[in-house]
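So the structure is just underneath, and the comments pick up after that.
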Amino acid sequence: MFMPAWLGKLNEQFPLRYAAWLISGIGFLLSAFVWVAFHTGGFVALLFLILVGLGFRDTQQKRHSVLRNYPVIGHIRFLLEFIRPEIRQYFIEGDNEAAPFSRQQRSLVYQRAKGDQDKRPFGTQMDVGAQGYEWINHSIAPTKLPTHDFRVLIGEGLPHPYSASVFNISAMSFGALSANAILALNAGAKAGRFAHDTGEGSISRHHRQNGGDLIWEIGSGYFGCRNPDGTFNEDKFAANAREPQVKMIEIKLSQGAKPGHGGVLPGPKVTPEIAEARGVTAWEDCISPASHSAFSTPVEMMKFIGRLRDLSGGKPVGFKLCIGHPWEWFAITKAMLETGITPNFIVVDGAEGGTGAAPLEFTDHVGAPLQEGLLLVHNTLVGLGLRDKVKIGCAGKVISAFDIVRMMALGADWCNSARGFMFALGCIQSQSCHTGHCPTGVTTQDPQRQKALVVPSKADRVLQYHENTLKALKELVQAAGLSHPGEVTASHIVRRCNDHQVKLLANLLPFVRQGALLDGEMPHEVFRLYWRMASAHSFAATPE
């Protein structure tokens, strides 16, 4: 939008989002003059003075990011929230059917992040008779567990295995998120002893500052470990990977929000800080190709994984993908068998996953949803006898404790969440991530806007969201009579299929027998159609 030069300079000194505060100040001066000159209007002057004081208080308080960025006028949001919960849901949290999370899920995150009571009166708000409704069966003899700090060991047998929480921060890069958002996420992860995935934007100074555990994601741009031409640099990789703060290395093959799509961060957005983290030139376009240059076949990919494991000094190495062509995934597993090299973990990203900017067709219609992708990965590894060697993580609309147990029932060992933790930071889902005008300072590089996000306060909310979600997970596991969420299976989760029929997921979804593929069995249609098309030496489908 065109802005006159004089207005642009004014906006730099006194942002236009402060307009209500500025108008209050002008109103006070005018009404005070009228009061002094004509001895009338004293009440109006007092009212404007109160608004001026309120605006000053808003800019200084540390609890609400919206008020710090929008003094005075931001109170309209909280006024509506105070009037009725329904108004809060529809006008404050949004009623966009295309939004990635329901109002109920967002409310749950806000409550847990703030440490508010998340108990509800009057029973379930779900339609238990609706098709697709799911629940976990409880036990008449519930267990009593000593802790909610559930963990999974990744890379067992390596010099540096990692004991990970079953709930971690999913990949979000510095550049997509603000410096203050990264600082708060990592401080929360440090306090709660859970992992923070860097995203493909690599490790920035803000990731390092608070010392929280990092999962270093390496995408096709090889940011943080690249040569000037964009190819992989072993020395730079080893220098970062051997840092004690880096616990695991994750190769990003694709992400759920835009699988098969590269990316470009335009030059004007490549600030010196972002350039430093990524190892690129400031103010020049930063390109993430759609595919990797370090390998071109599944066998080469396995050898690359083995090489990264050596260069890192023996840390867990794995990869993340959103399932697309089944034969490509099968080709990767055939390469595992042929080379004897297996990743320590695989993260399955569902097509439900979000991003700050992606073509609409990709966000809505490309990639397999999490349930289908996770089940295929789990079943294939079980069928090949590799499941005990490879841990599986997952991401895609995982918000609540029930979301976690449901994914574990389908084969996951742990879950990641991105926007759940964004909501904990204060994101109100204004869907302005790509504009640089995020009202809460979460997804902007504007130094003034991101000041609204007060790091210690938001780090505490990140910690509380994680803690309270795991406490709820503990209660679910106890109610089911189990001792760890990893014991949840598809036999514990029930789905309503129609008005008169419910089924266990174990009876509804296809599961594969241990070693079935090694024995030549083709357990269901996907394997029968695509297994013979897969080759360890090519990602392309081979003729039958």
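Heavy atoms only: backbone and side chains are in, while hydrogens, waters and symmetry mates are out. Throughout, residue positions are numbered sequentially from 1 according to the sequence presented.
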Task: H206 versus L183, closest heavy-atom pair with distance - done: O-CD2, 3.4 Å
Open item on the list: Any non-hydrogen side-chain atom of D285 less than 4.5 Å from a side-chain atom of V270?
Closed with: no
Task: Minimum heavy-atom distance E200-S288, with the two atoms named - done: OE1-OG, 3.5 Å
TODO: Side-chain contact test, heavy atoms from C-beta onward, threshold under 4.5 Å: evaluate it for I169 versus H466 and give yes or no.
DONE: no
Task: Aromatic ring pairing H524/F527, orientation class (parallel under 30°, perpendicular over 60°, tilted between) - done: perpendicular
Task: Check ion pair K303-E300 (N to O, under 4.0 angstrom) - done: no
- [ ] Report yes if the distance between the aromatic ring centroids of F345 and Y162 is under 6.0 Å, otherwise no.
- [x] no
Task: Check: Q445 side chain, G175 main-chain N or O, donor-acceptor pair, under 3.5 Å - done: yes
Task: Any donor-acceptor pair under 3.5 Å from R205 side chain to E273 backbone - done: no
- [ ] Could you tell me which non-hydrogen atom of M172 sits nearest to which non-hydrogen atom of A418, and how far apart they are?
- [x] CE-O, 3.5 Å
TODO: Using modelled atom types only, decide if a donor and an acceptor are shared between the side chain of S202 and the backbone of F223 within a distance under 3.5 Å.
DONE: yes
TODO: Indicate yes or no: at least one non-hydrogen side-chain atom of F330 is less than 4.5 angstrom from one of M533.
DONE: no
- [ ] Examine the side chains of T231 and D229 and answer whether a donor and an acceptor come within less than 3.5 Å of each other.
- [x] yes
Task: Test item: T380 and L376 side chains (from C-beta on) under 4.5 Å apart, heavy atoms - done: yes
Task: Note, L253 side chain near I332 side chain (heavy atom, < 4.5 Å) - done: yes
TODO: Specify the closest pair of heavy atoms between G420 and I399, including all atoms of both residues, with the distance to one decimal.
DONE: CA-CD1, 3.6 Å
- [ ] Please examine the side chains of F150 and K474, heavy atoms only from C-beta on, and report whether any two atoms are closer than 4.5 Å.
- [x] yes
Open item on the list: As a test of understanding, state which of L185, L425, N180 forms a side-chain contact (heavy atoms from CB on, under 4.5 Å) with K458.
Closed with: L425
Open item on the list: Could you walk me through whether I154 and D413 satisfy the side chain to side chain contact (heavy atoms under 4.5 Å, CB included) test, starting with their C-alpha distance in whole Å, then the side-chain angles of each, then the deciding distance to 0.1 Å, before giving a yes or no?
Closed with: CA-CA 10 Å; I154 305 169; D413 293 298; over 6 Å; no
- [ ] State, without any angle test, whether Q514 and R387 hold a side-chain donor-acceptor pair at a distance under 3.5 Å.
- [x] no
- [ ] Evaluate the side-chain proximity of M522 to L517: yes if any heavy-atom separation is below 4.5 Å, no if none is.
- [x] yes
Open item on the list: Under a 3.5 Å threshold, yes or no: a donor from one side chain and an acceptor from the other, between E338 and H537?
Closed with: yes
- [ ] Taking atom types as modelled, find out whether H148 and E475 have a side-chain donor-acceptor pair closer than 3.5 angstrom.
- [x] no
- [ ] Report yes or no: does E284 contribute a side-chain atom to a donor-acceptor pair with the main-chain N or O of V280 at less than 3.5 Å?
- [x] no
Task: Shortest non-hydrogen separation from S491 to A506 and the atoms involved - done: OG-CB, 3.5 Å
- [ ] Could you pull out the closest heavy-atom pair between G199 and A171, with the gap in Å?
- [x] CA-CB, 3.7 Å
Task: Rounded distance [0.5 Å steps], CZ in F194 versus CG in N416 - done: 11.0 Å
Task: Lys NZ or Arg CZ of K334 over W327 ring: under 6.0 Å, within 45° - done: no
Task: Distance in Å, I182 CD1 paired with R208 CZ, rounded so as to fall on 0.5 Å steps - done: 12.5 Å
- [ ] Determine whether N186 and Q245 make a side-chain contact, defined as any pair of heavy atoms from C-beta on separated by less than 4.5 Å.
- [x] yes
- [ ] Decide if the gap between the ring center of F167 and the ring center of Y465 is smaller than 6.0 angstrom.
- [x] yes
- [ ] Determine, for E234 against R307, whether the closest basic-nitrogen to carboxylate-oxygen distance falls under 4.0 angstrom.
- [x] yes
Task: Centroid separation F232 to F237 less than 6.0 Å - done: yes
Task: Short N-O contact, D197 and K320, less than 4.0 angstrom - done: no
